[in-house]
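The block underneath contains the structure these notes are about, expressed in structure tokens.
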Amino acid sequence: MTNKQLIIFDTTLRDGEQSPGAAMTKDEKLRIARQLEKLGVNVIEAGFAAASPGDFDAIRAIAEVITESTVCSLARANENDIRRAGEAVAPAKKRRIHTFIATSPIHMQNKLRMTPEQVLERAVQAVKWALEYTEDVEFSAEDAVRSDMDFLVQVFDAVIAAGAKTINVPDTVGYSVPVQWGERMQQLIARVKESDKVVWSTHCHNDLGMAVANSLAAVLAGARQVECTINGLGERAGNASLEEVVMAVKTRRDIFQLETSIDTTQIVATSKLVSTITGYPVQPNKAVVGANAFAHESGIHQDGVLKHRETYEIMRAEDVGWGANKLTLGKLSGRNAFRTRLTELGITLEGDDALNAAFARFKELADKKSEIFDEDIQALVSDNVISEECFKLAYLQVASQTGEIPHAVVTVTENGVERRAEADGGGPVDAAFKAIEQIVASGAELQLYSVNNITSGTDAQGEVTVRLSKGGRIVNGQGADTDIVIASAKAYLNGLNKLHANAERAHPQV
Ligand code: KIV
Ligand code: ZN
């Protein structure tokens, strides 16, 4: 890595997964990891190995298949976490352990109940444990933004002497502003003794909407790694968005004078995949990956763009992967064409049964919709994400008419056994959900319901996201269909299956 290279560290699968309801299955994480590798990220933080056996397995599975990117696991600064992280990333060609401990007075006193001396000692010990598994050890000082500067310098001096290769400075609570964050990075680099021996990194949260601006300020001050997530997913208001950081550096090369290894034409596909899997829709006016990011509404703008694109556009839509949406398959396409397109899209379905099931859904969709786009295929395979699917929609009939109360009749199979119920509701979707609840009696609370169309046109598939909560757990369920009431019922059952299947996970900051 030259000093002109900016390392892109993606934490969608770890910090991103800490967004409420964004918990992913092992297969979903694998699909995202493969796409991140195709995108060209340098480091994939694949999870937090000690959080749960599921997290551990997913990191290990990613470590077994990813060869170009470094595979990393997060670990708190304790022996058990670090050993779990070391075992999880062991199969990776390039592996990293990312260990962290809080350094701010508020965290040390109230959360860790440790003195600064104990924190310093533990940080050094953590780096030493991690070095037993890999030379590539990253150390983070959690809540660096509210930490005392002299103490931070002391901790960083010590962990570098112990062998840490990357020093990450997080704005854990999204409190900083760019001028302050740049200054902090500059001072740290100036004051830490062997600062030229390590890569300086920044990890910013978006609570005040400045995660990207703060990250870029740190880069201008000398940071050469940015920790970020696809679509800015992450704890609370999220992390710095990868696509914005990368496109800022590329578009304003005059300012940053840095290169990244990102294949920017893969950005939109990655954004869509993450959105589909996590159930977090991308807001239309989101920079770079929002549906309107390159749409010109006003006549003056349209006229200007037609005459000379650069009048209103600073980036080219095709450079970030817009317009790559290919009309790929239709009613007459066979299994081989379907399988080939899945491979081109980077989707691997484990085993013939999964492929057969996805192909059957594709044929069903092709009967209802004349043109099948890549997004349709992505949605179609993500219908199949839960390995242990307890509840399945077998039948749905809804009556909805002006002046009449909507009524739904639903049949759900529960572990293969058919059960039927009917219910009235405020609308057809409400009636369908009530009928499902009569069968499943989950008691889950519906926190969010949203519908998006996957492609354009009235025959487009509607993609429904529901967020369900029960007993402190939150999941996002998704379903797609050309009929939005059916899509809604599928989404509801998908959420219930996730509530049923997901094991408890620990949170890294606890
Ligand atoms: O926000 C944060 O401080 C983190 C650390 C674990 C790096 O996510
Ligand atoms: Zn974070």
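The chain is numbered in sequence order, starting from 1. Atoms within a ligand are numbered from 1 in the order they appear, just like the ligands themselves.
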Taking 2.8 Å as the cut-off, does an N/O/S atom of Asp15 lie below it from the Zn ion (ligand 2)?
yes
Salt bridge present between Lys38 and Glu68 (N-O < 4.0 angstrom)
no
Would you kindly specify which portion of Arg76 sits under 4.0 Å from ligand 1, judged on non-hydrogen atoms: side chain, backbone, both or neither?
neither
Nearest to the Zn ion (ligand 2) - the N/O/S atom of His203, by atom name:
NE2
Output the list of atoms in ligand 1 that are nearer than 4.0 Å to some heavy atom of Thr172, sorted by atom number.
1 (O), 2 (C), 3 (O)
Is His203 close to ligand 1, meaning an N/O of one under 3.5 Å from an N/O of the other?
yes
May I ask you to identify, for Glu227, whether its side chain, its backbone, both or neither come under 4.0 Å of ligand 1 on a heavy-atom basis?
neither
So Phe391 and His500, would you call those rings parallel, tilted or perpendicular, with 30° and 60° as cut-offs?
perpendicular
Thr11 contact mode with ligand 1 (heavy-atom cut-off under 4.0 Å)
neither
Any salt bridge between Arg76 and Asp81, counting N to O under 4.0 Å?
yes
Indicate, as side chain, backbone, both or neither, the part of Glu235 found under 4.0 angstrom from ligand 1 when only non-hydrogen atoms are considered.
neither
Give the atoms of ligand 1, by number and element, whose distance to some non-hydrogen atom of Ser140 is under 4.0 Å.
7 (C)
Would a distance-only check, ignoring hydrogens and angles, find a side-chain to backbone donor-acceptor pair under 3.5 Å from Arg96 to Val43?
no
Checking the side chain of Thr278 only, and the main-chain atoms of Val274 only, is there a donor and an acceptor separated by less than 3.5 Å?
yes
Sub-4.0 Å heavy-atom approach of Arg14 to ligand 1:
yes
Is a side-chain donor or acceptor of Thr229 paired with a backbone partner of Thr12 at a separation under 3.5 angstrom?
no
What atoms of ligand 1 come within less than 4.0 Å of a heavy atom belonging to Pro170?
3 (O)
Hydrogens and angles aside, do Glu45 and Thr11 bring a side-chain donor and acceptor to less than 3.5 Å of each other?
yes
Qualifying residue, where the test is side-chain contact (heavy atoms from CB on, under 4.5 Å) with Ser73 and the options are Thr99, Ile59, Ile82:
Ile59
Which of the atoms of ligand 1 are close to His205, meaning less than 4.0 Å from one of its heavy atoms?
1 (O)
Consider every N or O of Glu142 and every N or O of ligand 1, then say whether any pair is closer than 3.5 Å.
no
Scan side-chain atoms only and decide if Glu227 and Gln225 contain a donor-acceptor pair under the 3.5 Å cut-off.
yes
